[in-house]
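Down below is the structure, laid out as C-alpha cells.
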Amino acid sequence: MQRVKAVLKARHSFQRLGILYHQRCFSAQPNYALYGDFEEQVLVEGRAKSRAAILNRPSALNALTASMAARLKRLYESWEENPDIGFVLMKGNGRAFCSGVDTVAPHRLLNEGKVYECKRFFETLYKFVYLQGTYLKPHVAILDGITMGCGGGISLPGMFRLVTDKTVFSHPETQLGFHPDAGASFYLSRLPGYLGEYLALTGDKLNGVEMIACGLATHYCLNARLPWIEERLGNLMNDDPAVIDSSLAQYGDLVYPDRSSILRRIETVDKCFSHDTAEEIIDSLENEAAGAYDDWCKTVLRKMKEASPLSLKVTLRSIREGRFQSLDQCLAREYRISLAWISKSVSNDFTEGVRARLVDKDFAPKWYPASLEEVSKDMVEYYFTPLGELEPELVLPTSLREPYI
C-alpha cells in the first residue's frame, strides 16, 4: 500500500515538474517498420455499393498490430466521406476473424523502453473503436472463426454482427495480466445478468449460437453458406439497413444453445458473480463446488486462480463501472487503465503474463501481487486515477459523433 501511495505521489510530482512517468520516443507516430508491409495486413475489396476490409495475418490469427489499427482508422474515415460507398464490411482471412492485439509486439517494445509507442497504439485502437461505434453508414462484421480480445472491440460496436458455427469468442486478458479493453467494459457490462463479469474474469468462450442468444451477435449462419451471403451483399446496390438485414438473414438458421452452454447456468452465474469483490465471487464458487455434482465450478475456480489477482480486481471494477457509462466514457477509462498497465508502476503483470503464455510458454507467470489478499485498494485505485495535465486523457469527438449502440 505504501508503495502505491508513493507511486501516485511521484506521478503527480513528475507531472508538475514536466517529467512524464514513461519514456517518450522522438517520433509521434507508431513505428510501422516493426510490422512489415502494413498495407498487406489489411486488404481492401471493392464492391458495387460497399467496401470490405479484410484482416490478413492468417498465420498470426489476424492479431492486430499498430499499423493495422492505423490503416483501419484511415480506411473507415475515407469510406465514410465517400458518397459512392453505402456500407462497409469487415472480415478475416483464415480460421480467425481477429485473435486480439498482437501482444508480443507491445511486450517487445516495453522491454526496449518504448512505452510511448505502446501508448500511441492504444490511442489509435480506441479511437477506431469509437469510430466503429458511431459510424454513419451500416457496418457488417463477419465474425467467422476465432474472435478474441479487441477482435470484439473492432466489430461488436457496429450495426450488424454475423457469427457462424466456427465462431469462438472470448476475453482472456486476465490470464495475460491485463484487462478486457477496446470497449469490452461497455458491451460485456450490458449482457444479461452478470454474464459479462463471468466472461471477463474467467476468459471462458462463447460459440456463435451463444453470441446470438445473449445479444452480442445479430445474425447466424453456417460457415458453408458464407460465400452465398457475401455474394449477395457484394451485389447490393442499396444501403438501406433493412435490406442489408434481410440479406444477412436469408441464409440464416434458427438455433438454440445446447445443454452444456453457460447460458443454461445463468442463474448460478448470477448467484456467484453478482458479489462486490473477487474474493466473494471465489468464495461463492467454492460453496457451489462443494455441493455440485459436476466439475463446472471447479473449472471456473481454476481459471480464476490462474489469472493475475490484480487483473481480476481491476477488471471487475471496470466492468461494474461500464454498466453506467457511455461508450466514449468506457474507452476513456480503459485507456487510462491500459496506460497504467504498461507503465509498470504498480505491477509487471502484463509483460510477465505475455512472457509466460506467449513468449517463453512456460505457463507459469509470477504474478505481483501473488494473491487477491495482497492486492490493496490503493493498487486498484491507481489504474482509475486521472492521468494529469502532461499525460492527456483519450480525446474522442463526442460532440460530433453519437454512438450507434
Side-chain angles (χ1 to χ4, degrees), residues 22 24-25 27-45 52-79 88 90-132 141-143 145-157 170-173 176-184 331 334-335 338-339 341-342 350-351 353-355 357-359 361 394:
H22 63 256
R24 291 181 179 268
C25 64
S27 174
Q29 298 294 328
N31 184 1
Y32 295 138
L34 291 171
Y35 307 106
D37 189 354
F38 61 90
E39 290 190 0
E40 293 299 317
Q41 295 177 357
V42 179
L43 302 177
V44 174
E45 188 176 281
I54 306 170
L55 307 181
N56 188 41
R57 296 185 71 214
S59 62
L61 301 179
N62 297 323
L64 203 70
T65 65
S67 55
M68 292 171 72
R71 178 162 164 77
L72 283 169
K73 184 173 180 291
R74 289 195 301 273
L75 287 172
Y76 272 61
E77 287 171 342
S78 66
W79 291 342
V88 175
M90 185 190 295
K91 65 178 184 176
N93 268 341
R95 63 189 185 93
F97 167 70
C98 175
S99 61
V101 172
D102 183 0
T103 52
V104 175
H107 175 267
R108 182 170 58 248
L109 289 172
L110 291 175
N111 286 339
E112 295 172 356
K114 299 177 180 178
V115 179
Y116 187 63
E117 292 197 20
C118 290
K119 190 199 85 165
R120 285 286 296 174
F121 167 62
F122 287 115
E123 181 183 1
T124 302
L125 172 61
Y126 295 177
K127 285 183 176 180
F128 174 69
V129 172
Y130 188 70
L131 176 66
Q132 176 77 277
I142 299 179
L143 309 179
I146 297 168
T147 304
M148 299 167 63
C150 78
I154 64 172
S155 57
L156 296 181
S170 69
H171 270 283
E173 287 90 345
L176 293 173
F178 201 58
H179 70 113
D181 66 329
L331 288 169
E334 291 171 4
Y335 179 72
S338 295
L339 262 58
W341 279 118
I342 64 176
F350 176 49
T351 51
V354 175
R355 179 207 64 78
R357 299 192 180 277
L358 300 176
V359 180
K361 298 183 180 179
L394 181 69

Heavy atoms only: give me the nearest [X]-[Y] pair and the separation to one decimal.
X    : Y    : value
A182 : Y126 : N-CE2, 3.6 Å
L143 : L156 : CD1-CD2, 3.8 Å
C118 : L109 : SG-CB, 3.8 Å
G149 : H171 : O-CE1, 3.2 Å
E173 : C150 : OE2-N, 4.5 Å
F121 : A69  : CE1-CB, 4.1 Å

Could you tell me whether the side chain of [Y] reaches within less than 4.5 Å of the side chain of [X], counting heavy atoms only?
X    : Y    : value
K119 : Y335 : yes
H179 : S338 : yes
L72  : L131 : no
I154 : L125 : yes

With no hydrogens and no angle check, is any side-chain donor or acceptor of [X] less than 3.5 Å from a backbone partner on [Y]?
X    : Y    : value
Q132 : G153 : no
S155 : A141 : no
N62  : R57  : yes
D102 : T65  : no

Could you give the distance from [atom1] ([X]) to [atom2] ([Y]), rounded to the nearest 0.5 Å?
X    : Y    : atom1 : atom2 : value
R74  : T124 : CZ    : OG1   : 9.5 Å
F128 : L64  : CZ    : CG    : 8.5 Å
Q41  : R71  : CD    : CZ    : 9.5 Å
W341 : T351 : CH2   : OG1   : 10.0 Å
M90  : I142 : CE    : CD1   : 11.0 Å

Look at R120 together with E117 and state whether they make a salt bridge at an N to O cut-off of under 4.0 Å.
no

Please name all residues satisfying salt bridge (charged side-chain N to carboxylate O under 4.0 Å, His left out) with R357, sequence neighbours left out, ordered by chain then number.
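If we apply the salt bridge (charged side-chain N to carboxylate O under 4.0 Å, His left out) test to R357, skipping adjacent residues, there are no hits.
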
M68/N56 under side chain to side chain contact (heavy atoms under 4.5 Å, CB included): CA gap, chis, key distance, verdict:
CA-CA 9 Å; M68 292 171 72; N56 188 41; over 6 Å; no

Parallel under 30°, tilted from 30 to 60°, perpendicular over 60°: which one fits the rings of F178 and F122?
parallel

Walk me through it: do F350 and L110 pass the test side chain to side chain contact (heavy atoms under 4.5 Å, CB included)?
CA-CA 10 Å; F350 176 49; L110 291 175; 3.9 Å; yes

